[in-house]
Colleague: 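Sharing a structure here in structure tokens format.
Since the structure is predicted, the reported quantities are computational estimates derived from the model, not experimental observations. In what follows, every chain begins at residue 1, and chains take the letters A, B, ... in the order their sequences are listed.
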6 protein chains.
Amino acid sequence: MKLIYLATGPMGRTEAGQAELARRRAYLQRHAARDTQVDITDIPSGPGSIESLYEEYLSIPETALRAHELQADGWNGILLGCYGDPGLGALREIVDIPVVGAGQATALMASALGRRYSVITVTDSVIGPLEETLRNSGGGDKLASVRAVNIPVLELRNDRELAIEATLGEARKAIAQDRADTLIVGCMSMGFLEIPEACQAELGLPFLNPARVQLKFLEAMLGAGLSHSKRAYMTPPKLAAGLASSPADLLHRQN
Amino acid sequence: MKLIYLATGPMGRTEAGQAELARRRAYLQRHAARDTQVDITDIPSGPGSIESLYEEYLSIPETALRAHELQADGWNGILLGCYGDPGLGALREIVDIPVVGAGQATALMASALGRRYSVITVTDSVIGPLEETLRNSGGGDKLASVRAVNIPVLELRNDRELAIEATLGEARKAIAQDRADTLIVGCMSMGFLEIPEACQAELGLPFLNPARVQLKFLEAMLGAGLSHSKRAYMTPPKLAAGLASSPADLLHRQN
Amino acid sequence: MKLIYLATGPMGRTEAGQAELARRRAYLQRHAARDTQVDITDIPSGPGSIESLYEEYLSIPETALRAHELQADGWNGILLGCYGDPGLGALREIVDIPVVGAGQATALMASALGRRYSVITVTDSVIGPLEETLRNSGGGDKLASVRAVNIPVLELRNDRELAIEATLGEARKAIAQDRADTLIVGCMSMGFLEIPEACQAELGLPFLNPARVQLKFLEAMLGAGLSHSKRAYMTPPKLAAGLASSPADLLHRQN
Amino acid sequence: MKLIYLATGPMGRTEAGQAELARRRAYLQRHAARDTQVDITDIPSGPGSIESLYEEYLSIPETALRAHELQADGWNGILLGCYGDPGLGALREIVDIPVVGAGQATALMASALGRRYSVITVTDSVIGPLEETLRNSGGGDKLASVRAVNIPVLELRNDRELAIEATLGEARKAIAQDRADTLIVGCMSMGFLEIPEACQAELGLPFLNPARVQLKFLEAMLGAGLSHSKRAYMTPPKLAAGLASSPADLLHRQN
Amino acid sequence: MKLIYLATGPMGRTEAGQAELARRRAYLQRHAARDTQVDITDIPSGPGSIESLYEEYLSIPETALRAHELQADGWNGILLGCYGDPGLGALREIVDIPVVGAGQATALMASALGRRYSVITVTDSVIGPLEETLRNSGGGDKLASVRAVNIPVLELRNDRELAIEATLGEARKAIAQDRADTLIVGCMSMGFLEIPEACQAELGLPFLNPARVQLKFLEAMLGAGLSHSKRAYMTPPKLAAGLASSPADLLHRQN
Amino acid sequence: MKLIYLATGPMGRTEAGQAELARRRAYLQRHAARDTQVDITDIPSGPGSIESLYEEYLSIPETALRAHELQADGWNGILLGCYGDPGLGALREIVDIPVVGAGQATALMASALGRRYSVITVTDSVIGPLEETLRNSGGGDKLASVRAVNIPVLELRNDRELAIEATLGEARKAIAQDRADTLIVGCMSMGFLEIPEACQAELGLPFLNPARVQLKFLEAMLGAGLSHSKRAYMTPPKLAAGLASSPADLLHRQN
């Protein structure tokens with residue numbers, strides 16, 4: 001099967017970003033099943049990183065259009081490239097191939113591993129939004145807490161050791177104070193830096209990497225012959241009725 | 001106080017749309033308090049109407065930027081012009097003046113009027129999204145049901161009588177089957193057509209018009225000297241840290 | 001519109017009480033909309049202040065009868081004068097004009113301002129009762145905590161600075177430990193002492209004054225042409241059936 | 001042990017009422033444990049029957065004072081004589097001996113008998129209030145529905161067969177439509193008419209009589225050496241501090 | 001009435017165990033109603049004590065068979081002898097006489113005594129399982145916390161003072177940190193050691209002994225003429241259809 | 001990876017059962033990933049099929065011991081072979097390799113596919129137990145309903161067409177009345193008969209086969225380098241402390 005990771009920002013606009021895209025593709029391919037081929041793509045314009053609802057929303061229109069193209073191009077499934085699952089429901093409305101969100105997939109996988117999970121994310125500014133997203137994901141019942149290391153996304157890479165230490169610190173608080181028995185890093189950049197892998201051994205608890213779990217979840221969904229319900233994520237009525245010929249046509253401009 | 005209704009699409013791009021904008025401004029001004037001045041504006045590009053999550057998201061980036069400008073222009077508060085409250089949290093992140101969503105405001109007002117309320121909206125495609133939005137609004141506890149008349153937004157105006165009949169039909173089912181004691185129309189166009197006013201007398205129950213309730217809710221909020229909590233809706237960190245000088249600067253493009 | 005604040009005890013039985021009634025009327029009139037006229041009244045007998053369920057219940061029969069008279073006297077809406085909303089549902093059963101409870105109104109308004117609100121009330125003895133009331137109000141979903149300053153109601157006025165300090169102390173705990181982003185004082189006396197106004201600036205968060213929010217909420221309700229649902233708050237069957245001619249007739253005595 | 005059933009109205013004011021009091025005492029004594037002595041009492045003034053929140057509140061002040069006297073008179077426990085548990089928390093605040101509410105006791109006992117219980121009560125007007133009471137009782141999790149026969153309390157006795165038929169009719173709907181597996185009659189008069197006993201055989205399901213279950217629940221509580229927590233139901237602070245010498249002193253009057 | 005306590009392990013296999021069985025019978029008979037006769041029995045094989053889900057499940061098949069025999073032997077009701085209620089639903093499926101679980105009975109009784117209860121149990125390993133059991137019991141709404149003294153069941157008797165001290169320590173944390181107003185010991189051995197009785201005086205709060213509460217709850221159930229709903233706990237279909245003549249016949253073996 | 005399906009009864013005791021075991025292994029191997037090897041095993045004694053809690057419990061002790069052996073034998077993960085997940089927590093307590101339950105896995109996968117899922121199971125007798133299991137699974141939030149075809153497990157194979165028709169009938173009710181958008185068959189036998197595959201095309205909705213989804217979920221878990229949290233599913237203390245050398249040693253017998 002052919003899967004594609006869809007970055008929710010114009011990551012490839014810089015050389016460093018292109019290197020990061022390549023690194024992410026390699027990580028995903030390394031963890032893919034033997035018959036899975038993974039590629040990666042980004043969008044023409046969008047936020048530099050996502051640390052607020054506002055930046056989430058900036059990413060969605062182009063991400064959705066790109067998802068629609070990817071379906072047309074024959075990809076079998078899409079990995080939505082931001083932990084907060086921005087626009088997940090909208091993408092499902094306009095494509096039939098499965099789209100997996102890392103936030104939802106890790107919440108559900110964590111629910112099968114323990115009784116209470118905590119999410120360690122980047123900044124305080126996304127704690128509230130993530131709680132709302134997880135509550136609607138179907139896996140919110142076992143959520144113990146969301147905590148933040150308060151390191152900006154774009155600085156995580158500058159000092160991986162610092163990021164690991166901060167993650168361990170918040171994880172230990174989650175275990176002691178919130179009774180977490182399972183952990184998730186709530187940020188793709190933290191995932192691709194393999195912070196969970198570094199922490200899991202230290203803590204002796206399952207520590208989910210959203211990048212890896214999301215990939216395996218999508219493989220499982222496709223392997224089970226499933227995609228999302230179009231009765232839940234209905235095609236926009238104007239498209240269903242033929243009043244617009246593509247999602248792009250639903251956008252109108254003042255003269 | 002000076003309030004402004006922010007339409008979440010480029011409604012003024014047609015003559016009919018400009019007439020509708022004028023009609024809406026008149027409705028709002030008619031229901032405003034004596035010292036409230038209401039104006040209306042729209043956005044340069046966006047969806048023609050909103051009947052899906054996808055169209056919601058199409059509207060948000062420009063709506064948010066427009067909200068930011070409106071604050072700069074000295075408006076005291078913003079009426080977000082779509083019942084589904086698209087991007088409500090994001091707008092609050094980037095402005096300090098109060099922004100009231102019609103979905104949230106009517107859910108909360110209905111909670112003070114009865115024990116179980118139902119929402120009669122346009123199409124089946126938004127029932128699921130609205131349930132999620134209301135669940136996160138703080139007023140979801142008393143939600144009995146969301147039902148749809150299944151008339152497209154843009155056709156509502158063609159036959160107001162039909163829209164009223166269909167609304168009454170769904171409202172009666174909500175009362176009999178879902179035990180609703182209070183009703184809301186879940187669509188601004190249904191509101192500005194004054195469908196709730198037409199139905200309220202018929203049914204003998206409070207029937208909330210989102211356009212009017214939203215306005216009074218915003219007046220109440222301002223009258224109580226309040227705006228949203230910036231600890232709940234944090235300024236995006238890059239803006240707070242001065243890494244970007246305005247919300248618009250958070251959008252990047254490929255070269 | 002003509003609104004009336006209904007004190008839930010015989011406040012006017014002392015000179016100091018009469019002065020307080022006058023002070024409260026002035027506060028309300030000062031914050032009222034331009035076309036709102038506010039008056040205040042109390043009841044012939046009832047509790048000196050309310051710090052328990054028992055005292056709540058002492059206040060209700062006379063408060064309800066007074067509400068019924070106020071409707072007959074042509075008032076447009078009633079402000080129930082105790083934060084705990086004693087007998088709110090009962091008043092709605094016997095009058096048609098809107099009755100707004102400060103507890104419910106602030107819970108709902110707070111739900112539109114943030115993600116988690118805390119209530120700072122007078123004594124530990126009302127924490128449990130308030131939690132139950134708020135849970136049934138429709139706005140309980142976002143309740144983070146109820147905390148008490150443990151100063152008796154009737155001593156609050158003796159040392160306003162102390163009351164402010166104690167309120168700030170509990171508010172800071174609510175913010176740090178309970179993750180509150182929005183605050184309410186859970187006592188009308190604390191409200192009319194303008195404690196929230198004193199704390200709001202200090203804390204940089206919305207701090208709701210129940211006296212002011214309740215007033216604006218009632219203005220909003222009336223301004224939207226709404227009153228409570230009589231399908232939710234049904235007229236007592238004996239009154240509806242004409243077996244009793246007024247609420248007072250429902251009370252019987254041993255010979 | 002010596003238990004007393006406290007009627008929440010002036011039932012003994014008529015001869016028929018006195019006969020009913022005697023009949024109720026006999027029913028209770030017949031179902032009491034061998035070493036339990038049960039008596040019955042009523043209050044000087046209150047509602048004729050309770051079919052609304054308003055009538056509930058009419059009953060509470062005198063019921064509470066009577067409870068306080070009963071404790072002073074050496075009774076070991078009190079059966080609060082109305083299914084809706086009016087003022088239950090307040091009574092617990094001012095006495096130390098256990099007070100059992102029929103609504104709470106049956107909800108909890110039903111929770112030990114099945115997975116979903118329904119309540120068949122008198123009139124539509126109390127469905128909402130009962131749902132709120134049961135939600136706060138601790139046994140609301142298994143509540144399937146509250147349904148009403150819509151026969152006024154004071155007419156139940158006129159035609160017991162009719163009341164049984166109507167109860168069976170609603171019970172069958174609860175079983176078929178609400179998936180109830182356990183039933184309760186939600187009215188003391190329905191209980192003392194032994195309607196549950198008549199229905200239980202017919203339906204083959206546990207059908208709880210609030211009069212009998214409440215009695216056994218109180219015997220169990222006393223038999224286990226327990227009474228309510230005074231940390232939950234705190235003594236009103238003015239009483240605890242000695243500012244008033246008895247609950248009656250908390251009521252003040254205008255001169 | 002004749003009740004029997006059914007130990008969920010082969011307690012009588014040692015002399016010390018036989019003495020403990022006798023001691024438990026005496027405790028129960030001492031607290032029984034005047035017309036209640038209590039006996040005790042155990043099972044041929046099972047766990048030595050229960051400190052895990054695995055040990056719970058080890059106990060169930062023989063406990064269920066024994067319950068079925070006890071019904072045939074004419075007992076009127078069964079006290080399931082482990083706080084965690086192992087197999088409670090299954091026993092109810094195969095017998096008609098009431099079976100009371102100590103976990104469920106104390107959760108429900110505690111719900112009638114306060115607003116928030118905590119359970120002090122033996123080891124951390126059962127906290128998660130107990131939370132799940134209580135959540136399904138119908139009395140989970142008021143659960144504040146489950147805490148453990150971390151003394152193995154079989155060592156409790158070695159040092160009763162130590163067990164009391166540890167229980168008091170956790171109870172005080174439950175009161176201060178979890179806002180508990182009512183307490184339960186979550187282990188039959190802690191109950192039969194009369195640890196709650198020792199702690200109740202010290203703390204001034206109701207402290208439920210599962211052994212005693214369970215007994216009184218079963219007496220109440222029988223005294224109210226009730227047993228569990230067979231529509232909730234259905235007879236296994238093969239038994240109902242006569243495909244097997246007894247529960248034992250539902251177990252098959254490889255040749 | 002080497003996975004094994006563990007049947008929760010002595011299925012291989014008959015020739016037909018051995019054929020069924022072979023058929024199931026073939027189904028699983030056919031749907032396994034390229035590098036997954038699947039085998040199947042059963043237990044020496046247990047229920048013939050599971051249609052009650054009682055039969056669930058009959059299966060667990062031997063299933064748990066077998067799971068412990070399978071770990072010792074080097075298997076990488078276990079598929080617990082009954083939709084109701086009997087003993088799932090216990091198995092996790094005594095092994096470190098992942099154990100996936102079909103009930104939990106399908107609930108979680110369904111939560112990623114839609115907004116409301118329904119389960120179509122065999123008999124009314126397991127509806128209540130399944131609702132409790134799903135509520136504790138972490139994926140219960142999106143559960144719309146559990147419905148039964150009321151065909152005994154062992155008769156399903158006799159008439160596959162009948163089973164498909166009955167499943168379609170209940171599924172259509174779930175869609176129309178319970179607003180399900182995603183479906184699951186709640187029985188392994190229904191799964192291995194490929195009933196979901198037959199129904200999915202007919203209904204145009206995702207219809208999950210527990211046999212297949214469970215397999216893919218386990219592959220995903222292992223592929224993500226995860227197993228359950230031993231802080232959630234703690235090793236039984238006697239084993240952890242070395243007081244018993246194996247799970248089997250925790251079972252004691254009367255002499």
Side-chain angles (χ1 to χ4, degrees), chain D residues 31-36 89 92 98 100-101 104-105 107-117 135-142 175 179-183 196-197 200 203-209 212-233, chain E residues 31-36 89 92 98 100-101 104-105 107-117 135-142 175 179-183 196-197 200 203-209 212-233:
Chain D
H31 288 102
R34 236 203 291 176
D35 52 358
T36 300
R92 288 177 177 164
V100 167
Q104 186 177 52
L108 296 170
M109 181 59 78
S111 298
L113 296 169
R115 287 193 168 96
R116 297 172 64 83
Y117 69 86
R135 204 195 298 188
N136 276 334
S137 75
D141 236 36
K142 295 195 174 182
I175 294 166
R179 296 181 49 222
D181 53 50
T182 301
L183 294 156
E197 285 85 343
Q200 180 161 307
L203 297 169
L205 296 181
F207 208 134
L208 282 69
N209 188 324
R212 190 168 172 188
V213 168
Q214 178 186 32
L215 169 67
K216 306 319 283 183
F217 206 93
L218 177 51
E219 288 179 342
M221 198 181 272
L222 281 162
L226 297 165
S227 189
H228 53 274
S229 170
K230 293 301 291 186
R231 193 174 154 87
Y233 301 99
Chain E
H31 287 102
R34 233 202 296 175
D35 52 357
T36 300
R92 289 176 176 164
V100 168
Q104 185 177 52
L108 297 170
M109 181 58 79
S111 298
L113 296 169
R115 286 194 169 94
R116 296 172 63 84
Y117 69 87
R135 202 194 301 187
N136 277 332
S137 75
D141 237 36
K142 295 195 174 182
I175 294 165
R179 298 183 44 226
D181 53 50
T182 301
L183 293 156
E197 284 85 342
Q200 181 162 306
L203 297 169
L205 297 182
F207 209 134
L208 283 69
N209 188 324
R212 190 168 171 188
V213 169
Q214 178 187 32
L215 169 67
K216 306 319 282 184
F217 206 93
L218 177 52
E219 289 177 343
M221 198 181 272
L222 280 160
L226 297 165
S227 188
H228 51 274
S229 170
K230 293 300 291 185
R231 193 174 153 88
Y233 302 100

Colleague: Would you give the length of the straight line joining atom CG of E:Leu226 to atom CZ of D:Arg212, rounded to the nearest 0.5 angstrom?
Modeller: 7.0 Å
Colleague: Please name the pair of heavy atoms, one in E:Ser229 and one in D:Gly114, separated by the smallest distance, quoted to 0.1 Å.
Modeller: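 Heavy atoms only, the tightest pair is CB-CA, 4.5 Å.
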Colleague: Who are the side-chain hydrogen bond (donor to acceptor under 3.5 Å, both in side chains) partners of E:Asp181, not counting sequence neighbours?
Modeller: none
Colleague: Rounded to the nearest 0.5 Å, what's the gap from OG on E:Ser137 to CG on D:Leu108? Could you check?
Modeller: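 Between atom OG of E:Ser137 and atom CG of D:Leu108 there are 9.5 Å.
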Colleague: Given a strict heavy-atom distance threshold of 4.5 Å, which part of E:Ser227 is in contact with chain D: side chain, backbone, both, or neither?
Modeller: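 Interface part for E:Ser227: backbone (N, CA, C, O).
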Colleague: What part of E:Ala180 gets within 4.5 angstrom of chain D, counting heavy atoms only: side chain, backbone, both, or neither?
Modeller: backbone
Colleague: Heavy-atom distances under 4.5 Å only: say whether E:Arg116 touches chain D with side chain, backbone, both or neither.
Modeller: neither
Colleague: Can you tell me how far CD of E:Gln104 sits from OG of D:Ser111, rounded to the nearest 0.5 angstrom?
Modeller: 7.5 Å
Colleague: Tell me, side chain or backbone of D:Ala112 under 4.5 Å from chain E's heavy atoms, or both, or neither?
Modeller: both
Colleague: Is it the side chain or the backbone of D:Asn209 that comes within 4.5 Å of chain E heavy atoms, both, or neither?
Modeller: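 Neither part; nothing is under 4.5 Å.
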Colleague: Quick check on E:Gln200 against chain D: is it the side chain, the backbone, both or neither that has a heavy atom closer than 4.5 Å?
Modeller: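 Side chain of E:Gln200 only, per the 4.5 Å heavy-atom cut-off to chain D.
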Colleague: Given heavy-atom pairs under 4.5 angstrom as the criterion, report whether the side chain, backbone, both or neither of D:Leu215 touches chain E.
Modeller: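 Neither part; nothing is under 4.5 Å.
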Colleague: Which atoms of E:Ile175 come close to chain D, meaning under 4.5 Å heavy atom to heavy atom: side chain ones, backbone ones, both, or neither?
Modeller: both
Colleague: Go through the atoms of D:Ala110 and report whether side chain, backbone, both or neither lie under 4.5 Å from a heavy atom of chain E.
Modeller: neither
Colleague: Quick one: list whatever passes side-chain hydrogen bond (donor to acceptor under 3.5 Å, both in side chains) with D:Lys216, sequence neighbours left out.
Modeller: D:Glu219
